[in-house]
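First comes the structure, then the notes that go with it.
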Amino acid sequence: MAAELTILSGGLSTELEAAGFLIQGDPLWSARLLHTNPQAVKTVHTNGANVLSTATYQASIEGFKQHLGLNFEEAANLFTVAVCQAKESSDAFIRQHAETRKMLIAGSIGPYGAFLHDGSEYTGSYVKDMSIEELKDWHRTQMQCLAAAGVDLFAFETIPSLKEAEALVQLLREFPNNKAWLSYSCQLARFYR
């Protein structure tokens, strides 16, 4: 049996910065472009990976409301924009290269600390003051938006704590039609429970 190689997209923000967009220091990071310039996101998605991740790592309903002044429906729609940009990019790549394979769309979900925009997404220190249920409540809305928009799977990315990972795995059970991968961001000396 031959092993199958799967190439994941990555470096979306790096590619956007290379194209001249200012991402660093923005509390929404590349997710802001879903509102201000979704075409830019679509353009950098075209890389031929087997799995394209949406520009939603730092996206949240609360973040869009707080930093863009959007209401709930407008904020939720930006998740749909993210998925549509990835799907359109995938479809265009397949047409241009006469590919027969299907590219998967992974809904990128960053840690709660990414919303806080205080560096805690790297340490997980915020989980000391949160329950698993509070973490589930935080992530649920983003997952609902991405699932409704038609992602093939969730990408729980750079999760810095066991507690938040447990919350995400428990929450995934509410989405029986979706699969996920989970990646950790760890400090060797500290791993918050």
Side-chain angles (χ1 to χ4, degrees), residues 3-17 23-32 34 41 44-45 47 49-64 78-79 82-83 86 103-147 149 151-193:
E4 186 176 323
L5 177 66
T6 301
I7 300 171
L8 309 176
S9 67
L12 182 65
S13 292
T14 301
E15 291 299 317
L16 287 166
E17 286 186 325
I23 304 293
Q24 293 297 320
D26 190 313
L28 295 174
W29 209 16
S30 57
R32 179 176 298 276
L34 297 171
V41 174
V44 300
H45 265 312
N47 62 14
N50 300 97
V51 182
L52 294 180
S53 295
T54 58
T56 53
Y57 173 89
Q58 201 125 341
S60 67
I61 298 295
E62 288 305 312
F64 288 144
L78 291 182
F79 287 90
V83 174
M103 291 176 161
L104 299 177
I105 307 302
S108 177
I109 297 175
Y112 173 73
F115 164 73
L116 298 175
H117 192 62
D118 61 1
S120 63
E121 73 262 31
Y122 303 111
T123 66
S125 59
Y126 53 87
V127 301
K128 295 181 294 189
D129 302 319
M130 297 181 78
S131 69
I132 285 182
E133 288 306 313
E134 288 171 318
L135 288 162
K136 286 168 59 175
D137 290 344
W138 169 257
H139 288 291
R140 184 177 286 112
T141 306
Q142 284 72 245
M143 290 174 68
Q144 288 169 335
C145 290
L146 288 166
V151 295
D152 296 301
L153 64 149
F154 298 115
F156 304 131
E157 300 188 275
T158 65
I159 305 304
S161 74
L162 182 59
K163 183 190 272 186
E164 191 164 13
E166 288 173 0
L168 287 164
V169 170
Q170 287 179 22
L171 186 56
L172 185 60
R173 293 184 185 119
E174 297 178 20
F175 299 86
N177 296 322
N178 291 95
K179 295 183 181 201
W181 79 68
L182 187 145
S183 66
Y184 280 106
S185 175
C186 302
Q187 291 184 2
L188 293 178
R190 267 189 154 142
F191 196 68
Y192 290 97
R193 293 190 136 252

May I ask you to test the [X]-[Y] pair for a side-chain heavy-atom distance under 4.5 Å?
{"X": "Phe156", "Y": "Trp181", "result": "no"}
{"X": "Leu12", "Y": "Ser53", "result": "no"}
{"X": "Tyr126", "Y": "Met130", "result": "yes"}
{"X": "Tyr184", "Y": "Leu162", "result": "yes"}
{"X": "Val151", "Y": "Asn178", "result": "yes"}

Any donor-acceptor pair under 3.5 Å from Ser120 side chain to Thr123 backbone
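No: the side chain of Ser120 does not pair with the backbone of Thr123.
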Ile105 backbone acceptor or donor facing Asp152 side chain under 3.5 Å:
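Answer holds: yes.
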Is a side-chain donor-acceptor pair under 3.5 Å present for Ser108 with Glu157?
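Yes, because at least one side-chain N or O of Glu157 sits under 3.5 Å from a partner of the opposite role on Ser108.
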So how far is it from [X] [atom1] to [Y] [atom2], rounded to the nearest 0.5 Å?
{"X": "Thr56", "Y": "Gln142", "atom1": "OG1", "atom2": "CD", "value": "9.0 Å"}
{"X": "Phe115", "Y": "Ile61", "atom1": "CZ", "atom2": "CD1", "value": "11.5 Å"}
{"X": "Ser60", "Y": "Leu28", "atom1": "OG", "atom2": "CG", "value": "7.5 Å"}
{"X": "Glu164", "Y": "Ser185", "atom1": "CD", "atom2": "OG", "value": "11.0 Å"}
{"X": "Ser13", "Y": "Ile23", "atom1": "OG", "atom2": "CD1", "value": "5.0 Å"}
{"X": "Asp137", "Y": "Ile132", "atom1": "CG", "atom2": "CD1", "value": "12.0 Å"}

Which heavy-atom pair separates [X] from [Y] by the least distance, and what is that distance?
{"X": "Tyr112", "Y": "Leu135", "answer": "CB-CD2, 4.3 Å"}
{"X": "Asp26", "Y": "Gln58", "answer": "O-NE2, 4.4 Å"}
{"X": "Val83", "Y": "Ala149", "answer": "CG1-O, 3.3 Å"}
{"X": "Ala82", "Y": "Ala55", "answer": "CB-N, 4.4 Å"}
{"X": "Leu34", "Y": "Val41", "answer": "CD2-CG2, 4.3 Å"}
{"X": "Ile109", "Y": "Ile159", "answer": "O-CD1, 4.4 Å"}

Which pairs would a plain distance check flag for residues 167-176, meaning a side-chain donor or acceptor within less than 3.5 Å of a matching protein atom at least two apart in sequence or in another chain?
from	atom 1	to	atom 2	distance (Å)
Gln170	OE1	Lys136	NZ	3.4
Glu174	OE1	Arg140	NE	2.8
Glu174	OE2	Arg140	NH2	2.8

Please find out if less than 6.0 Å separates the ring center of Phe64 from that of Phe79.
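Between Phe79 and Phe64, which both carry aromatic rings, the centre distance is below 6.0 Å.
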For residues Trp29 and Tyr57, establish whether the separation of their ring centroids is below 6.0 Å.
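Distance test on ring centres: under 6.0 Å, yes.
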